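When reading the values below, keep in mind they use all heavy atoms of this one structure, side chains included, and skip hydrogens, waters and symmetry mates. All of these numbers come straight from a predicted model, not from anything done at the bench.
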Amino acid sequence: MSESADSSAPSPAEPSDFIRDLVAADVAAGRYSRIHTRFPPEPNGYLHIGHAKSICLNFGIARQFGGICNLRMDDTNPAKEDIEYVDSITADVKWLIEGWADHCLGLKPSGATPAPNTVEGKSDFLMPAVSGSESSTGKLEPLFASDYFEALYGYALELIRKGVAYVCDLSAEDTDAYRGSPDRPGRNSPYRERSVAENVDRFQRMRAGEFPDGACTLRAKIDMASPNIWLRDPLIYRIRHAEHHHTGAKWCLYPLYDFAHCLSDYLEGITHSICTLEFEVHRPLYDWFLNQLDLARPRPHQYEFARLNVSYTVMSKRKLLALVSEGRVTGWDDPRMPTISGLRRRGVPARALRNFAQRLGVTKYNGVTEVSVLEHAIREELNTSALRRLAVLRPLKVILTNVAPGESYTLAATNNPEDPSAGTRPIALSRELWIEHDDFAEVPPPKYFRLKPGGEVRLKYACIIQCREVIKDATGHVTELRCTADLDTRTGGPNSGKKVKGTIHWVSAVDAVEAEVRLYDRLFTEAEPEKDGRDFRSVLNPKSLEVVTAKVERSLADPTPGMRFQFERIGYFWPDPQDSRPGRPVFTRTITLKDTWAKVAGGG
RNA sequence: UGGCCGAUGGUGUAAAGGUAGCACAGGGGUCUUUGGAGCCCUUAGUCAUGGUUCGAAUCCAUGUCGGCCAGCCA
């Protein structure tokens, strides 16, 4: 709710890393008129926290150097992509950068495609982006690699005419066989020396739909003996008679990543094309295509950094899809998922994610970041802004025997000790109340500061009570406590300074409202779910979700959507954006409070 | 056994030939009407071996370990 409202808070200093250093050097050398990055997901799944790192890097650089970061759908494979993903990706990116880098978001007018033009006597195509700050009245949409198919087709023809690309009729199996292996050179395709005229003709017929799927491909003529497999005459186009989510039935041949990506970058005027480490071996190919073509404008360059891994979760789209499709979570936005939509649904503020990403650093070392770093960033953000409220998750009834039925005392509860301007709210203390079952121990362990038979404890914002009697049911289960209240120890009372070891939270029974509370925990029981090749399904945390019916204070009966709360001594919560209803609140736990007692007690 | 890339406390990262620092985690303390937060203190590190140098985490060599690459996926 208040995510952009707090943009006045000091933003941390711009981080420094080897990529930013390279960009800064390019700026200092005057190599580009404007820095232009891009975030190019394939719309075949939801974005996850690993993408968040990339988004923060790419938009962070655009922001820092006064440039733009294009949001581009890298949609060259019609078989895997879907409009559902285009929409979710767009929403996730906008949410993550809102109030921080919206002015750097590069989009384009709906339906726009690259315009042919001439630069310094050379024919060229350019797909200019419209940033959030360059406001336009028209409707904007992300950029799509599929909007460049016509331009890409032209570049492919140029390669053919140069004699560095050819149509190959080898089957998929034979293409594999001819490629060789990492330690064994490949062999030239028998179609490698076709004439330019024949290649042009065949490529045009490929486009015209004369060949079935797989009948032939367009390949770059590079070096079948290269130690880098990606330089062994890589495929440029394959035939796919398939409907594309963005171009419909217009095309039956589709470009492959290596060819499409570098040229998409070029068409958009990208200066720094930042991707993850697994593309490092593709960089010579990225450069090869751009260098073969007679390009009019400065060409982009690719840089690689290590993708993010986080402990106690999995990150690949394939595995996340499996969790969803196998029903192990409720959907892509299940609060236990490491997806951006899952984290959002859990109540994690975008700013916490950005701060997390910033602390990660950018290197070429593939490691695993401990989830505690993320958790810390979330608590840090929520601690300053969340309103404190009293809620009892596992209620135990307490009767204050010296308070008469109907008698009531109004007390002032602090809304946020980190922010005095948040003020106080009145809460009522009366004869019957609820406390946390865990806050009473009939046989207390050593150093137990909470309520025990005969013991004293302070009720937060109220007074000290003493346990006089323990009532149990037939099975010996504690069902009720009879206590006396020392009203002189109330805030402002004559004995308010009296010290007791423990302070517990509580809710007055007459004022309590019932609420469903969803207690989410980490999805896996192992820090590295896939360690030693084991199936991540075998280490799913069976207790990753527990639902309880809590007693919450009346002010929580109809929570404002988007509002963050700290249930004192428990954790951070917010009304579930899907399921919470006025008068029937449903709270989702974003994260627990750090609890040093739980650690001492061995988790409890 | 081919190529490319990497290696700094438990984890993630700084140090661009000159005092190995920061964050998270861990430990201790202080404060506290949240066993929260804050504040203070603290444990713990340059993969190995040579070389260059007055001086090496940094440069060079060799080795070790790890990641990536043989999709008509991206």
Side-chain angles (χ1 to χ4, degrees), chain A residues 15-17 21 40-42 44 74-77 79-81 168 170-172 175-177 179-186 213-214 216-219 226-232 235-240 253-254 256-258 260-261 275-284 304 306 308 311 317 359-377 379-380 383-384 388 390 414 417-418 447-450 458-464 489-491 496-505 527 566-571 592-601:
Chain A
S16 164
D17 53 66
D21 290 347
E42 183 187 15
N44 68 344
D74 206 358
D75 56 350
T76 56
N77 184 357
K80 294 188 173 181
E81 297 149 8
C168 177
L170 246 25
S171 68
T175 304
D176 280 351
R179 186 155 32 227
S181 59
D183 55 350
R184 220 175 254 266
D213 287 4
C216 51
T217 58
L218 184 72
R219 301 178 68 175
S226 171
N228 183 338
I229 296 213
W230 292 103
L231 261 21
R232 320 243 263 227
L235 274 58
I236 299 175
Y237 272 92
R238 80 290 218 185
I239 297 175
R240 287 280 175 278
L253 77 174
Y254 292 90
L256 279 113
Y257 168 85
D258 290 292
H261 202 89
C275 62
T276 45
L277 250 26
E278 66 269 27
F279 293 100
E280 208 160 19
V281 290
H282 293 245
R283 180 157 25 100
E304 310 86 16
L308 171 67
S311 63
K317 281 185 192 171
R359 269 167 228 194
L360 254 22
V362 180
T363 66
K364 302 188 75 157
Y365 177 75
N366 247 317
V368 180
T369 294
E370 289 182 349
V371 72
S372 60
V373 180
L374 204 214
E375 294 173 339
H376 177 80
R379 288 195 187 98
E380 181 180 56
N383 178 48
T384 60
R388 271 56 173 179
L390 298 178
T414 304
E418 307 292 321
K447 293 196 174 176
Y448 186 84
F449 298 158
R450 295 169 275 172
R458 178 174 285 280
L459 297 180
K460 179 81 180 174
Y461 302 126
C463 63
I464 293 170
T489 60
R490 274 179 293 166
T491 307
S496 68
K498 180 176 175 183
K499 303 280 184 201
V500 284
K501 273 285 196 182
T503 299
I504 64 173
H505 59 278
Q566 184 199 102
F567 291 176
E568 297 213 41
R569 300 206 313 131
I570 299 174
T592 59
L593 235 33
K594 199 165 150 189
D595 182 355
T596 50
W597 167 255
K599 195 161 52 192
V600 171

Contact under 4.0 Å: A:Lys80 side-chain N or O vs B:rA74 OP1/OP2: no
A:Lys364 NZ: over 12 foreign heavy atoms closer than 6.0 Å: yes
For B:rU58, the Watson-Crick or wobble counterpart (both distances under 3.5 Å): none
Base partner of B:rG26, which must satisfy Watson-Crick or wobble distances under 3.5 Å: B:rU42
Sugar-phosphate, base or nothing in reach of A:Pro417, heavy atoms under 4.0 Å: base
Watson-Crick or G-U counterpart of B:rU32, or none if no pair lies under 3.5 Å: none
Presence of A:Arg569 side-chain N/O under 4.0 Å of B:rU32 phosphate oxygens OP1/OP2: no
Under 4.0 Å protein heavy-atom contacts per nucleotide of nucleotides 38-47 of chain B, with B for base, S for backbone only and - for none: ----------
Syn or anti for B:rG71 (syn when the glycosidic angle lies within 90° of 0): syn
B:rG6 and B:rG18, which share atom name C1', separated by this distance in whole Å: 26 Å
Under-4.0 Å salt bridge between A:Arg283 and A:Glu304: yes
Proximal nucleotide (of B:rG67, B:rC24, B:rA14) relative to the A:Thr363 side chain: B:rA14
side-chain N/O A:Thr596 vs B:rG36 OP1/OP2, d < 4.0 Å: yes
Sugar-phosphate, base or nothing in reach of A:Lys501, heavy atoms under 4.0 Å: nothing
Any N/O donor-acceptor pair, A:Arg458 side-chain to B:rU33 base, under 3.5 Å: yes
Base B:rU13 to side chain A:Arg359, donor-acceptor N/O within 3.5 Å cut-off: no
Distance, P atom - from B:rU58 to B:rA7, rounded to whole angstrom: 11 Å
Nearest-neighbour nucleotide for the A:Glu280 side chain, B:rU11, B:rC5, B:rU34 considered: B:rC5
Among B:rC4, B:rC72, B:rG6, the nucleotide that comes nearest once only the side chain of A:Thr175 is considered: B:rC72
Out of B:rA74, B:rG35, B:rU33, whichever nucleotide has its closest atom nearest the side chain of A:Glu278: B:rA74
Sugar-phosphate only, base, or nothing, as touched by A:Ser372 at under 4.0 Å among non-hydrogen atoms: sugar-phosphate
Nearest to side-chain heavy atoms of A:Asp183, which nucleotide of B:rC73, B:rU1, B:rC72: B:rU1
A:Trp597 over B:rG35, stacked by centroid distance under 5.5 Å, angle under 30°: yes
Sugar-phosphate, base or nothing in reach of A:Arg219, heavy atoms under 4.0 Å: nothing
Nucleotide of B:rA16, B:rA70, B:rG67 approaching A:Arg179 most closely (side-chain heavy atoms): B:rA70
Touch class at under 4.0 angstrom, heavy-atom based, for A:Arg388 against every strand present: base
Sole residue of A:His505, A:Arg388, A:Glu568 in side-chain hydrogen bond (donor to acceptor under 3.5 Å, both in side chains) with A:Tyr461: A:Glu568
Touch class at under 4.0 angstrom, heavy-atom based, for A:Lys594 against every strand present: sugar-phosphate
Sugar-phosphate only, base, or nothing, as touched by A:Thr503 at under 4.0 Å among non-hydrogen atoms: sugar-phosphate
Among B:rC69, B:rG6, B:rG35, the nucleotide that comes nearest once only the side chain of A:Lys364 is considered: B:rG6
Sugar-phosphate, base or nothing in reach of A:Gly214, heavy atoms under 4.0 Å: base
Partner nucleotide of B:rU52 by Watson-Crick or wobble geometry (both distances under 3.5 Å): none
Out of B:rG35, B:rG27, B:rG12, whichever nucleotide has its closest atom nearest the side chain of A:Lys599: B:rG27
For B:rA70, the Watson-Crick or wobble counterpart (both distances under 3.5 Å): none
No-H, no-angle donor-acceptor pair, A:Thr491 side chain to B:rU33 base, under 3.5 Å: yes
A:Asp74 side chain, from C-beta outward: closest of B:rC68, B:rA74, B:rU34: B:rA74
Interatomic spacing from OG1 in A:Thr76 to CZ in A:Arg240 - rounded to 0.5 Å: 11.0 Å
Integer-rounded Å distance: B:rG71 P and A:Leu235 CG: 11 Å
Sugar-phosphate, base or nothing in reach of A:Arg184, heavy atoms under 4.0 Å: nothing
Gap in Å between the two C1' atoms, one belonging to B:rA56 and one to B:rC24, rounded: 29 Å
Touch class at under 4.0 angstrom, heavy-atom based, for A:Ser226 against every strand present: nothing
Of the listed nucleotides B:rU13, B:rU34, B:rC72, the one nearest the side chain of A:Tyr365: B:rU13
Watson-Crick/G-U partner (both atom distances under 3.5 Å) of B:rC65: B:rG6
Donor-acceptor pair (no angle test) under 3.5 Å: A:Glu568 side chain, B:rG36 base: no
Any strand: nucleotide that pairs with B:rA15 via Watson-Crick or wobble, under 3.5 Å: none
A:Phe449 over B:rG35, stacked by centroid distance under 5.5 Å, angle under 30°: yes
